[in-house]
Structure formats: C-alpha cells, structure tokens
Amino acid sequence: MIRIAGAVCSISLLLAAAGGPSPATRPTGSIAIRNFVFEPTTDTVRVGQSVTFRNHDLVPHTATADNRKFDSASIAADSTWRFTARQKGVFTYHCSFHPTMRGTLVVR
Amino acid sequence: MKTALLSLSTLLAGAVVALPAMAQGPTDPQIAAIVVAANQADINNGRLAVRQGHDTQVKAFARQMITDHSAVNAAAVKLVTKLHVTPEANATSKQLTDGGVANVKALTPLRGAAFDKAYIANEVAYHQAVIDAIDKTLIPSAQNAELKALLVQSRPAFVAHLEHAKQIQASLK
C-alpha cells in the first residue's frame with residue numbers, strides 16, 4: 001500500500017515538474033472571442049498545433065492575419081473556426097469587421 | 001435617467017425634443033421596445049449609407065452596422081420570445097423611431113463626401129448616446145437577469161462601433 005502510494009506520489013511530482021495540466025491553465029491554441037476581444041490577446045502554439053477561435057459574441061467576427069497567412073472569413077455567433085499552424089512566426093491578426101479587435105499568435 | 005433618455009433621442013433627432021416625464025425607469029417590456037427601436041434606427045441609417053455612401057470604408061461600415069444591429073435585434077427578439085415578454089412601445093422607443101426617420105430624411109439629399117461626413121458624424125453621436133443610455137438607464141432598470149445580461153453583452157458592440165466610427169471620421173477630415 002505504501003509502495004503504491006509512493007509510486008503515485010512520484011508520478012504526480014513528475015507530472016507537475018513537466019508542467020502537467022492544471023485546472024487554472026487555459027490550453028494554448030484556444031482563443032475565445034468575447035466582448036469584442038480576443039482572449040488571450042497573445043497566444044503561443046507549436047508548429048503543427050491546431051488553433052481554435054470560438055465566437056461567444058452576438059455578432060459575427062473574423063480572425064484575419066495582417067499578412068493574410070490565415071483568414072477565418074466570417075465566424076458566426078456561437079461558432080468555431082479551427083486551423084493548423086503550419087508556419088513558425090509571429091502573426092498579428094485582426095477582425096476584418098471590427099478593426100479595433102487585434103491579437104497576436106506566436107507559432108514556435 | 002430622464003436626462004440619459006433625452007440625450008439619446010436628442011442626438012438621434014438632431015434637435016432638442018422634449019420627452020414626456022417618466023417618474024421611473026423603463027420596465028422590461030419598454031426596454032425591449034427601446035432596444036429594438038434603437039437597433040432598427042441604425043439599420044435604416046446603414047441601408048441608406050450602403051446606397052448613398054461614397055467612401056469604401058463608409059459603405060463597409062454601413063454594411064457592418066446592418067449586420068451587427070440585426071444580430072443584436074435577433075438576439076433580443078429571441079430572448080423576449082423565450083421570456084414571453086411583449087415589447088411595449090413607449091415615448092422613448094417612439095422618439096427613437098421618429099428620430100431615425102427624421103435622420104434618414106435629413107441625410108437623403110446629401111451626396112459624396114458631404115453624405116459620408118454627415119452619416120459618420122451621426123454614427124458617432126448615436127453610438128455614444130446609446131452607450132450612455134445603456135449604462136445610465138437600460139442596464140440599471142432591467143429587472144430580468146437575462147435581459148440585463150443581454151444588454152451587458154450588447155454593449156461592447158456599441159463601443160466597438162463608436163471607436164470604428166471615430167477612426168473613419170478622423171480619416172475623412
């Protein structure tokens with residue numbers, strides 16, 4: 001019993017050391033569009049990772065890279081758009097409908 | 001509260017208009033009617049600007065106003081239907097409707113840059129007035145929690161529209 005508990009404890013420590021998932025941690029690549037803001041404003045993902053934009057607002061938005069490397073077109077209210085980040089770089093983006101909305105996606 | 005309501009209607013009508021005295025804030029059915037009337041007024045302004053606007057960003061803005069205010073209205077109608085609330089026309093909602101008609105009438109003879117400047121100036125004033133009314137009257141007066149939440153959720157749209165209109169206004173000078 002003690003050996004099992006010890007093994008479980010060790011595994012937990014390893015997970016914590018490796019930066020295992022925490023309820024308070026938002027997964028990267030998951031961007032909420034809420035109150036006309038991209039949340040988080042800056043997000044970092046790995047090359048090949050899927051990036052999801054979910055629109056929680058009443059009106060449609062877009063997620064459009066300033067250099068046009070990605071463009072969601074219109075994301076309707078309560079809808080989601082997803083793409084795979086295939087290129088490394090720092091991509092500033094905006095909502096084509098509401099130009100005051102801006103965000104940055106860092107792909108490493 | 002009365003001052004906020006008067007300001008909203010005043011700016012929309014482009015002239016000082018006396019409102020009937022209101023002893024207290026609007027009821028939820030009245031708020032629903034005010035929201036729908038306010039959105040419809042800007043939808044109508046947008047339709048005119050799509051037809052008569054000159055600058056491409058003005059026309060794009062106008063199309064966005066139609067899209068966004070239609071979406072907010074659709075959400076409002078969906079909610080009041082769910083809540084079995086019948087929007088109740090009132091002095092303020094009527095003032096908004098009449099003011100909107102008057103505004104369209106005033107803009108209609110204008111063309112080119114003159115139209116664009118007048119339309120955008122009105123959009124700046126309109127959105128600021130609506131934000132003031134939302135903050136000072138509509139949200140504080142709303143009794144139903146879902147209606148209040150809808151007003152809160154709608155507010156960022158008006159703020160974003162105001163900022164966008166100001167950017168366009170600055171570029172038209």
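The sequence lines fix the lettering, A, B, ..., with proteins before strands; numbering per chain opens at 1. Reckoned from all heavy atoms, side chains included, excluding hydrogens, waters and symmetry mates. Because the structure is a prediction, the values reported are computed rather than measured.
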Steps toward side chain to side chain contact (heavy atoms under 4.5 Å, CB included) verdict (B:Thr67, A:Val59): CA-CA 8 Å; B:Thr67 299; A:Val59 304; 6.0 Å; no
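Looking at B:Ala157, both its backbone and its side chain come within 4.5 Å of chain A, counting heavy atoms on both sides. Looking at B:His161, only its side chain comes within 4.5 Å of chain A, counting heavy atoms on both sides.
With rounding to the nearest 0.5 Å, the separation of SG in A:Cys95 from CD in B:Gln64 is 7.0 Å.
Note on B:Phe61 and B:Leu172: same hydrophobic cluster, where clusters join Ile, Leu, Val, Met, Phe, Trp and Tyr whose side-chain heavy atoms are under 4.5 Å apart, directly or indirectly. When the side chains of ILVMFWY residues are joined at heavy-atom separations under 4.5 Å, either directly or via intervening members, A:Phe38 and A:Val106 end up in two distinct hydrophobic clusters. Residues B:Phe158 and A:Phe97 do not share a hydrophobic cluster, defined by chaining ILVMFWY side chains whose heavy atoms lie under 4.5 Å apart. Linking Ile, Leu, Val, Met, Phe, Trp and Tyr whenever their side-chain heavy atoms come within less than 4.5 Å puts B:Leu48 and B:Tyr119 in one cluster. B:Leu96 and B:Ile66 sit in two unconnected hydrophobic clusters of ILVMFWY residues. Membership requires side-chain heavy atoms under 4.5 Å apart, directly or through other members.
Annotation for B:Ala71 and A:Leu58: closest pair CB-O, 3.4 Å, computed over non-hydrogen atoms. Taking both residues in full, the closest heavy atoms of B:Ala160 and A:Phe36 are given as CB-CD2, 3.2 Å, listed atom of the first, atom of the second, then distance. Summarising the geometry of A:Thr100 relative to B:His164, their closest heavy-atom pair is CG2-N, 4.4 Å, with the distance given to 0.1 Å.
Enclosure of atom NZ in B:Lys94 is not indicated, since only 12 or fewer non-hydrogen atoms of other residues, nucleotides or ligands lie within 6.0 angstrom. Crowding of B:Lys59 atom NZ: a count of heavy atoms from other residues, nucleotides or ligands under 6.0 Å exceeding 12.
In this structure, the side chains of A:Pro60 and B:Asp68 come closer than 4.5 Å at one or more pairs of heavy atoms.
The candidate with the highest count of non-hydrogen atom pairs below 4.5 Å against chain A, out of B:Gln167, B:Arg63, B:Gln153, B:Arg155, is B:Gln153.
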